[in-house]
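For reference, the structure is listed below as C-alpha cells.
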Amino acid sequence: MGLYLLKRILIFIPTLFLITLLSFIISINSPGDPVERLLSGGDDNAGTADRKVTEAVYLAKRKQLGLDLPVFYFSLCSYAETDTLHRVARPHERAMLSRLTRDYGNWEQIQDYFRCATRLEHEAFRIVPDSAQRMIITEIKVAVSELKRTGVKAEVLSHLHRIDSLCRLRPALLAPVRQLTNECAAAFAHIEATATPWKNYIPSFHIYGTQCQYHRWVSGIIRGDFGISYQLSRPVVTALKEAIPWSLTINIIAVIVSYCISVPLGIYSVRNRNTGRERAVTTLLFVLYSLPGFWVATLLITFLCNPEYLHLFPAAGGMDDAHSDAWSWGMRMADYAKHLFLPTLCYTYTAFAFLSRQMRAGMMEVINMDFIRTARAKGLSERTVIWKHALRNSLIPLITHFAGIFPMMVGGSVIIETIFAIPGMGRLSVEAIFSQDHPMIIAIFTLGATLTMVGVLVSDLLYAIVDPRISYSRK
Amino acid sequence: MKIKCLSLVLALPMLLWQCGGEATTPVAGDCDLNQPVAGDWVRVWQPADPDNLNPFTHTHAQAGYINENIYQGLFSPDPVSLQPLPVLAAKPLEISPDGLIFTCEVRPEAKWADGSPVTGHDFAFTMKAIFNPECNSAPYRGAYDFIQDVVVDSANPRRFQVVAKFPFFRAEAIVSYIEFMPRYLLDPNNYLGPYTVAQMNTEVGSKEETALRNMPGIREFATLFNSPEYGRDPKFISGSGPYALESWTPNQQIVVVRKTGWWGDELAKTNPQFGAWPSKIIFKTIPDRSTAFTSMKGEEIDVMRDILPKDFAEATKTDPASLKYNLFTPDAYNFTCIMINNRPNQSRAKALGELNVRKALAHLVDVKGLIDNVYYGYGKPAVSPVSPLRGPIEFNDTLKMVPFDQAKATALLSAAGWTDTDGDHVLDKMIGGKKEKLEFEFLVSDGSTTGQAVALHFKENCQKAGIVINIKAMQFSLITEKTGKHDFDLAGLNMVSGHLPTDLYQYWHSDSYINGGSNSMGFVNAEADALIEQIRREPDANKRKPMYWRVQEIIAEQQPVIYMLVPQERVAINKRFATAKANSVRPNYQALSFWACPSVQKFK
C-alpha cells in the first residue's frame with residue numbers, strides 16, 4: 001500500500017507538468033490581446049478621451065509582461081515559418097506576415113517586403129500636409145495603414161496602386177513616397193517570383209532554451225509565485241488566498257449536509273421500495289435534481305430577500321456592512337450564517353438530489369445480491385443487514401463522486417457566487433476568463449487539476465478501505 | 001423526526017437574522033432640510049471592483065467614482081451647470097491672452113492627511129509621475145500631453161504656472177480638474193525631485209525618452225508607483241479630500257471613512273459645496289444587477305445606478321409612497337449606435353463601403369419603437385455624436401433623426417444597383433465580375449439582452465428589405481478586439497463622453513483609424529479632419545461652434561454609424577437621504593453630499 005501510494009505521488013509530477021503545459025498553451029492561445037486590454041483604460045470624466053495606444057507604450061508593456069519572448073523551450077513548425085515572428089509586436093502585423101508566409105513560404109523576401117512597407121509608412125507619416133494636400137495625404141496614410149494590415153495579394157496590389165496614383169497628383173512633394181511604393185511593389189513581385197510554398201509542408205524544429213514564457217512562468221510556480229494578475233494588478237496567490245475560504249466554507253457545509261441527507265435517504269428508499277412513500281421521495285429528488293441552480297437562486301432572492309415578499313435574508317454579499325473583527329466570535333459567525341445560508345442551500349440541494357439517487361441505485365443493486373440473502377438467512381436483523389452489509393458495498397458510486405469534491409471545494413460555482421455576490425473562486429475564475437487574465441487563469445487551472453489528482457487518489461484509497469476485495473498491495 | 005431536524009436547520013439562520021435587528025422604514029425625517037446633519041453611512045452599489053485606486057494607473061471608471069471622495073483638483077465641475085467650482089483653488093485660473101499660460105493658486109487652508117500644505121510642488125509631482133515613461137500611466141498621458149512645464153513660484157509655493165505647448169481647447173478644463181497627489185507620501189525619497197516637468201514630458205519612443213528611462217530614480221519611482229500597495233493600501237491611497245480609504249475587502253466592499261478635522265470643515269459652514277456629511281461611504285460589489293436591485297429594495301444598499309430598464313419600469317409603476325427609495329432619470333452623456341465598417345477589406349461585406357447601403361440600413365432601424373419596447377421608454381433618439389447636454393455651442397440641434405422608412409431604404413438600394421435577380425428574396429449585385437449578396441454579420445455582446453433585442457429587431461426589418469443579417473453574440477472584449485482590427489460588418493457600440501468639451505478626435509479623425517484608435521468605423525474625411533484639429537486648437541468656445549456644427553453635418557451625411565438613442569440614466573436613492581438628487585455626470589450622484597435627519601439615520 002505504501003509503495004503504491006509513493007508510486008502514485010511520483011506520477012503526480014509528470015502529470016502536473018503536462019497539466020501546467022496544457023493550461024498554459026490553452027490560455028496563451030485564447031483570443032484577445034492582454035496588452036491592448038490593459039492599456040485601454042482611463043476614466044472618461046478625467047478627460048482621457050485620447051486613448052491612442054502608441055507603439056512604444058505597447059511594446060514596453062508587452063516586454064514588461066514577458067510576452068515578447070517565445071512561448072516554449074522549442075517550437076515545431078513548418079520550414080517556411082520563421083522563429084522570429086514573435087518579435088513582431090503588433091498582432092495585425094503578425095497576422096499579415098503569417099498569411100504571406102502561408103501563401104508564399106519565402107521568409108527572406110517577405111521580410112524585405114515588410115521592411116519596405118514599414119519605411120513607406122514612416123515616410124508617409126512624416127509629411128505634414130497643408131490644407132490643399134490634406135485630402136491626398138490622408139488617403140495615402142489610410143492606404144498605407146491598410147497595406148500593413150493585409151497579406152492578401154489582391155488587396156496589397158490595390159493599395160499599392162492607389163498610393164501610386166495618389167502620389168502622381170503631387171509628384172514633387174510625394175516623390176519619396178512614390179519611390180518607396182514602387183520598391184514595395186517590386187519587393188512584393190519578388191516574393192511572388194521566388195515563392196516556395198512547398199516549404200510549408202516541411203517540418204522544422206527550433207530551440208529557444210530557457211528564455212521563454214513558459215520557463216519564466218513555471219520557475220515562478222516552483223518558488224510558489226504564480227505571478228501578478230493582469231486584471232487586479234496584485235499577486236495571484238493573494239487573490240486566491242482571499243477567495244478560497246469563501247468557496248471552501250460553502251462547499252464543506254454543502255458536502256457534509258448533502259452526504260448526511262443523501263445516505264439515509266437512499267437507505268430509506270431501499271427499505272421502503274415500491275411503496276407510495278418511496279415513489280414520492282424519488283419523484284421529489286428527481287424534481288429537485290432538474291431545477292437549475294441559477295433559477296432557484298433567483299427565486300430565493302426574489303421571495304426570501306425582498307421586502308415585497310419575505311425579507312428573511314440579505315440578498316448579496318458574504319457579510320454585513322458593519323462586520324468587524326471587534327465583534328464577538330458568535331456575532332461574526334451569525335453574520336456569516338445569515339449571508340451564506342441561501343448560497344449554501346443552492347449548492348446543497350442539487351448535490352443531495354444527485355447523491356441520493358446514486359445511493360438508492362447502488363443500494364438497490366446490492367440488496368438483491370446473494371450475500372445479503374445469506375445474511376438474512378443467518379437471521380440477522382434488517383437493520384444490521386442494511387447498515388453493516390449492504391451500505392458498505394453500495395458506497396462505491398459515492399466514493400467515485402467524492403473524487404470530484406476536492407476540485408469543486410475550491411472551484412466554487414460561477415453562477416451562484418455571481419448571483420449572491422459571494423467573493424469566491426467561481427467569480428474570480430469567470431472574471432479572469434472575461435478579462436484574459438492569463439496568470440490568474442493558469443493558476444486556477446493548475447490548482448483545480450492538482451486537487452482533481454488528489455481527489456482521485458483519495459477515492460482510490462477509500463475503495464480499498466470500504467471493499468476488502470480491492471487491494472493495491474502486491475500479493 | 002427528519003423533517004423536524006430539517007426545519008430546525010432552516011429556522012436557525014432566520015433566528016440569527018432576527019438577532020441582527022430589524023431595518024427601520026426610511027422616511028425623510030422631521031428635521032430642517034436646509035440644515036445638513038453629519039453622520040450615517042451611504043452604501044453605494046458597484047458592479048465590479050476597480051483594478052486599483054491609484055488615480056493615474058487605474059483603468060476602471062469605478063476607481064474614479066471612489067477617488068472623487070479622496071482626491072481633489074483645483075476645481076470640480078458643478079454636476080448640473082458644469083461650471084467649475086473652486087475646491088483647492090484660491091481664485092479663478094488666470095489665463096494668458098495666447099491661451100498658453102495658466103496661473104493657479106492653491107488655498108492656504110488646503111492640507112494633506114499629515115497636516116502639510118498642498119502646494120504647486122504636489123501638482124508638479126503629479127504631472128511628473130504621469131509623464132514618467134516607466135509608470136503604468138500610459139492611458140492618461142495622451143490627455144496631458146499639451147503640458148510643457150509647471151513652474152512653481154519660489155516665494156509662494158502655493159502659486160504655480162502651467163505652461164502649454166500649444167493652445168488646446170480642453171487645457172483649461174484639464175488643468176482645473178487634475179487630481180493632486182501628495183508628494184510627501186508617494187515620493188518620500190524624492191526620486192522625481194531633481195527633474196522638471198519639461199524634462200519628464202518626452203515624446204513617446206524618442207531618444208530623449210529612452211535616455212530618461214535610464215536616469216537615476218526614474219525606474220525606482222516607477223517600481224513604487226506601479227506596485228499593488230500604491231493602488232490598494234490605505235496608507236498610500238490618501239489625498240486632500242474629506243475621505244480616506246479605510247479598507248478594501250476584494251470583491252465585497254471598499255470603505256472610505258470621513259477624516260476628522262478635515263481642512264474643509266470650516267469652509268463647509270458657509271459654503272455647502274464643501275459639505276461631506278456621511279461618516280462612511282461603502283462601495284458594495286454586487287455583480288448581478290437584479291440581485292443588486294433586490295438589495296436596494298431591502299435597504300442593503302442606498303444608491304444604485306444603471307438599474308435594468310425592466311426593473312426600473314416596474315418600480316415606477318409602484319405607488320411612490322410605498323417605495324423606500326426615490327427614482328431619478330437624468331439624461332446620460334453617452335449614446336448608443338450601430339457601428340458600420342465603412343472601409344471593408346476583401347473578407348468583409350464590401351457593400352458597406354457604399355453610402356446608399358449605409359443610408360438604407362439607417363432607414364431600417366425603428367429607433368422610436370426600440371426606445372419604447374426594448375428600453376422601456378428610457379431614452380431619446382440620438383442624432384449626433386455630441387451630447388445635447390453640451391448645449392448649443394457644441395450640439396447641432398438642426399440635425400434630424402433618420403426616419404424608419406422601409407420604402408425609402410428599398411429605393412436607395414435599388415438606386416445603388418442592389419436588386420433580387422435570382423428570386424431568393426435577398427438583394428444582389430455584380431461586383432468585380434462576382435455576384436455579391438447583401439449579407440452582413442452583426443456583432444452583439446453576449447451579456448447584453450438589450451443589445452440582442454436590438455439586433456433581432458434590426459434583422460427582421462432588414463429581412464423584409466431583402467438584406468440578410470447574421471447575429472453573432474460574443475464576449476464584449478472580443479467585439480472590441482474584432483472592431484479594433486476592422487474585422488466586422490456591423491457592431492453595437494456605446495460611446496461615452498464626459499463633462500469636458502467634446503473631443504471628436506478619438507472617434508472621428510482619420511488618425512484614430514490609421515493608428516488603431518477608436519475610429520473602428522474607418523470614417524475618413526479630410527474636411528472633418530481639418531475641422532476636428534481646428535476645434536482642438538481653438539480656445540474660444542464661440543469660434544468653435546460653426547466647426548462643431550459642420551463636423552456633425554458631415555458625419556450625418558456620410559452615415560458612418562446608425563445613431564440609436566441617448567439613454568436616460570436610471571438611478572435610485574434611499575429616501576432617508578431626502579435632499580439627495582441624481583445628475584447626468586457619472587456616477588450620477590455625489591455620495592458625499594448625502595445626509596439624513598438624525599431620527600432616520602441607520603448607522604451611528
Side-chain angles (χ1 to χ4, degrees), chain A residues 31-33 36-39 41-52 54-57 92 131 134-135 138 141-142 145 150 152 154-155 231-234 239 242 298 301-302 305-308 311-318 321-322 334 337-338 341 418-421 423 427 434 436, chain B residues 13-14 16-17 19-20 41 43 51-52 59 61 64 138-140 142-143 170 173-174 177 204-205 228 231-232 250-252 282 284-288 290-292 294-295 297-298 300 345-346 475 477-478 481 485 496-500 503 505-506 510 513-515 517 524 526 529-530 586 603:
Chain A
D33 182 0
E36 291 272 11
R37 235 193 114 72
L38 279 174
L39 291 177
D43 180 355
D44 295 297
N45 286 346
T48 52
D50 185 9
R51 291 191 196 146
K52 184 175 75 176
T54 54
E55 194 87 358
V57 173
H92 64 258
S131 55
R134 171 176 276 282
M135 186 102 76
T138 305
K141 281 181 181 175
V142 168
S145 72
T150 182
V152 183
E155 286 182 9
Q231 174 208 6
L232 307 171
S233 38
R234 57 201 293 247
E242 284 160 358
T298 314
I301 288 183
T302 310
C305 311
N306 186 344
E308 288 166 12
H311 193 189
L312 300 174
F313 298 97
D321 308 320
K338 180 173 85 181
F341 181 74
T418 305
I419 295 181
F420 287 102
R427 240 171 92 194
F434 280 151
Q436 291 150 14
Chain B
M14 295 184 193
L16 294 170
W17 169 239
C19 303
W41 300 356
R43 294 156 305 164
D51 52 345
N52 74 67
T59 57
Y140 292 88
R170 274 182 161 183
I174 289 177
Y177 301 143
V204 176
R232 296 185 159 253
N251 271 330
Q252 281 211 79
I282 302 178
K284 291 181 78 168
T285 308
I286 306 176
D288 185 78
S290 295
T291 308
T294 311
S295 296
K297 292 177 187 169
E300 290 163 41
N345 60 18
Q346 283 271 315
Q475 213 182 303
S477 57
L478 276 182
E481 197 179 316
K485 287 182 188 159
V496 185
S497 63
H499 52 264
L500 296 178
D503 190 0
Y505 184 85
Q506 187 194 357
S510 64
Y513 167 68
I514 293 164
N515 62 25
V524 176
D529 278 1
R586 287 195 175 177
F603 300 92

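Letters A, B, ... mirror the listed sequences (proteins, then strands); counts begin at 1.
- The residue among B:Leu478, B:Thr294, B:Asn52, B:Thr285 with the most heavy atom pairs within less than 4.5 Å of chain A is B:Thr294.
- Residues B:Lys297 and A:Pro307 come closest through the heavy atom pair O-CG, 3.1 Å.
- Ranked by heavy-atom pairs under 4.5 Å with chain B, the first of A:Thr302, A:Thr298, A:Ile419 is A:Ile419.
- Atoms CG and CD1, from A:Asp321 and B:Ile282 in turn, are 4.5 Å apart once rounded to the nearest 0.5 Å.
- B:Glu300 places a side-chain N or O within donor-acceptor distance of the main-chain N or O of A:Ala315, the cut-off being under 3.5 Å.
- B:Gln252 places a side-chain N or O within 3.5 Å of a backbone atom of A:Gly318 that can act as its donor or acceptor partner.
- Taking all atoms of both residues into account, the shortest heavy-atom contact from B:Ala530 to A:Arg134 is CB-NE, 3.5 Å.
- With chain A as partner, the option from B:Gly231, B:Pro250, B:Ser510, B:Ala173 having the largest number of non-hydrogen pairs under 4.5 angstrom is B:Pro250.
- Annotation: side chain of B:Arg232 is in contact with side chain of A:Leu232 (closest heavy-atom distance under 4.5 Å).
- Nearest approach of B:Pro287 to A:Ala421, heavy atoms of both residues: CD-CB, 3.7 Å.
- One distance of note links OG of B:Ser295 with CD1 of A:Ile301; it measures 7.5 Å at 0.5 Å rounding.
- The shortest non-hydrogen separation linking B:Val524 to A:Thr138 is CG1-CG2, 3.6 Å.
- Of all heavy-atom pairs spanning B:Asp51 and A:Gln231, the tightest one is CB-O, 3.1 Å.
- Looking at A:Ala322, both its backbone and its side chain come within 4.5 Å of chain B, counting heavy atoms on both sides.
- Atom OG1 of A:Thr150 sits about 6.5 Å away from atom CG of B:Asn345, to the nearest 0.5 Å.
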